[in-house]
Structure formats: C-alpha cells, structure tokens
Number of protein chains: 2
Amino acid sequence: MPRVSQDHLDARRRQILDGSRVCFARYGYEGATVRRLEEATGLSRGAIFHHFRDKESLFLALAEEDAARMADVVAAQGLVQVMRELLSGDSEHPADWLGTRLEVSRRLRTDPEFRARWAERSQQLTLATRQRLLRQREVGNLRDDVDVDVLTSYLELVLEGLVSHLAMGLPADDLGPVLDLVEESVRRHRVRASLES
Amino acid sequence: MPRVSQDHLDARRRQILDGSRVCFARYGYEGATVRRLEEATGLSRGAIFHHFRDKESLFLALAEEDAARMADVVAAQGLVQVMRELLSGDSEHPADWLGTRLEVSRRLRTDPEFRARWAERSQQLTLATRQRLLRQREVGNLRDDVDVDVLTSYLELVLEGLVSHLAMGLPADDLGPVLDLVEESVRRHRVRASLES
C-alpha cells in the first residue's frame, strides 16, 4: 500500500519539522542537540535522520519551508504584511518565523559554508516580493518613478532591520506607524493631503 | 607638570582605543584576547587595564565613542548620511564603525547584562537623529504629516537593516538608490514630478 506508506512518511516528516522548529527557536542551532531534537519531536535519532541527512539539512528544510510560507503571504498581501505579522504575533507561526529567520541571519554572518547553501534557497522571498510589486504596479498601486528592484531591496532591508530589532529585544510596540510609512513610501502617491502652499 | 602628564594619559588612551578597535573589528569581542589587544595596541596588559577597568569597559568606551561620532554626522548631515558612509567606506573610520556596531548588535542579542549597560548609552544616536529631524522640520524640509518619533524609529530601523545586511556579506552595491528612497520618504514632498493624470 504505497499510498498509506507515503502518508505515513509525510506525517513523520511533519512531526519532525514541527518539533525541531520549536527546538531550534528555543535553543538556537548549536543548542539544539540531537537529544533535545529527540525530546522535541518525540522520535528517536534513528527516525529523525532517516528523514533528514543531518541537522543542517533539517534546519535548511525548516528555513526553506518558512521562506515558502512568507513568500505565500507576500504574494497575497505583500512584504509589509509579513512584517506586520512578525510584529503582532498574529500569524500562524509568528515566533517560529522569527526564530528561524534569526538563526538564518546569525549563521549567514558567521558561517560561509551555510551562506553558500542558503544562497540557492533565499531567492524565493525576493522573487515573491518582486512579482507582487510588479502586479501592484500593473494595477496602478505602486509608485512608478522608482525601479521595482530598488523597491524590492528597500522592503527587504526594512525586514532585515525589523528582524534584527526584535532579536535585540528592543521595544516594538511603536513600530506599527513605521510600517505604515514604509508601505506608503512604495505606493503610488495621489496628490497629497498636505500640499505645498 | 600636570598638563604634560594629562596629555600623555590622553595619548595613551587614544593609542589603546585605536588599536583595540581594529582588534575587536577583526576578531570579534570574544576573539579579542588580552594577548591580541596587547599586540594591536603595542602596550602591555598592565598599561591597557590601567586605563580601562576590563575588556568590557574598553569595548563600551569604543562603542560610545562611535555612537558620539555617528551622532555628530547625524547632527550635521542626517542619519541617511551615516548609512551612506557605511555603504561607501568614505568616512574616516567606516569599517570600524561597522565592526563595533555589529558587535553591539550581536551582544545585545545574546547578553542581557550587556543590554542593560548599553541601554544607558544608546540614546545618543536616537536623540541626535530626533533633533536633526526637528530642525529639518523647522526649516520646512521634513514632511509634517508624520510624527518625528515615527520618522526617527523608521530611520533607525533602516540603519539596523543595513548593518545586518552588510554583516551577512550580502551585495550592497545596489543600495544607493534604496537610501535615496529612504531619504525622500522623510522629506517634505514638493508636488511630484510624476503627478497623477
């Protein structure tokens, strides 16, 4: 019954990903020992590494999954919405996103080998952002005096700042209006309410 | 001759700060061992710790000095100019700023005690940015439909993103136009060149 078997494999994989996500978020990459991964997933190391070659592959699978989820939100609602969800904790897995994202940022800084492996996977969010902006431009919502690539880089830079800000434990309750400003600055401007006299 | 003696002390202090700045930037906080600090400054540990109580105090003195220097640039030219200098390497100590700033960011993330000590010192840049924006508003260069505190937080968030971006070794040669956009988004808008039809 290959069908059932595949369902079973998928469920196991899911169980490993969900458990280890919490584990990485809590202890960081280095701190997520195999023993802790076993506890968090409720599975033996044999079962875990039957599905993932090693810890790095497991982490990359998680990070990739998060990037895909973020890309979905971007496609539907834009990158600023991703940032709002990071802020508000309203999304399905807000703290998890942040945890994984932080770990990616940290390892990019400190681990050149990881940087190379991640580079292949990190294009998703950029592409989703760029495509969303192109669609917004088509329907006339996007400012048309700045290149879409510049707007994409701009939004990604703000996202990175936000992740870093949250990571440093700085107060974030005043950042809603900042994100409004970010959103407005990529929008097509109707004639301003406060026109020059 | 207290005058000469003070000059001598000041020069020593300068020598220690300059040498250890390079050392911290190169090896990070943990990697900057006392032996390496001796090499980098050309002074014995006795001389170094005659001027600074311990390594942490030395690092905080550096970080504080950088924040003051950044605050000076902010006062004269604004926070976006600080970011441009980080990008271009045009400032007097560009790589050093970045090195110290990165180390501050990293330790804020990982070291709650450092976070507390730094909190007292980190207001300089915020205050300088805020005051600069208030002056710009007075002379009519700043948009007046967004609170100055929001604009300050916005610029600081972008700065944090830029520091993080550079720290991750991501390509930065396309960020000039992004900073133009950031600068423009806090400015008072004259009627746009591309008005709605």
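The sequence lines fix the lettering, A, B, ..., with proteins before strands; numbering per chain opens at 1.
Of the candidates B/L159, B/L157, B/V182, B/V178, B/V178 is the only one forming a side chain to side chain contact (heavy atoms under 4.5 Å, CB included) with A/L157.
When every heavy atom of A/E160 is checked against every heavy atom of B/H165, the shortest pair comes out as CG-N, 4.4 Å.
In this structure, B/D180 and A/V150 have side chains that are not in contact, with every pair of non-hydrogen atoms separated by 4.5 Å or more. Residues B/S153 and A/D174 have side chains in contact (heavy-atom distance under 4.5 Å, counting atoms from C-beta outward).
Linking Ile, Leu, Val, Met, Phe, Trp and Tyr whenever their side-chain heavy atoms come within less than 4.5 Å puts B/L87 and A/V146 in one cluster. No continuous path of hydrophobic side-chain contacts links A/Y27 to A/F114 [ILVMFWY only; heavy atoms under 4.5 Å]. In the hydrophobic clustering of this structure, B/V74 does not group with B/L127; members are Ile, Leu, Val, Met, Phe, Trp, Tyr whose side-chain heavy atoms approach within less than 4.5 Å, directly or through other members. Residues A/V148 and A/V82 share a hydrophobic cluster, clusters being chains of Ile/Leu/Val/Met/Phe/Trp/Tyr side chains in contact below 4.5 Å.
Here the CD-CG distance, from A/E156 to B/L175, works out to 10.0 Å after rounding to the nearest 0.5 Å.
Of the residues considered (A/V158, A/L162, A/L181), A/L181 shows the highest number of contacts with chain B, using heavy-atom pairs under 4.5 Å.
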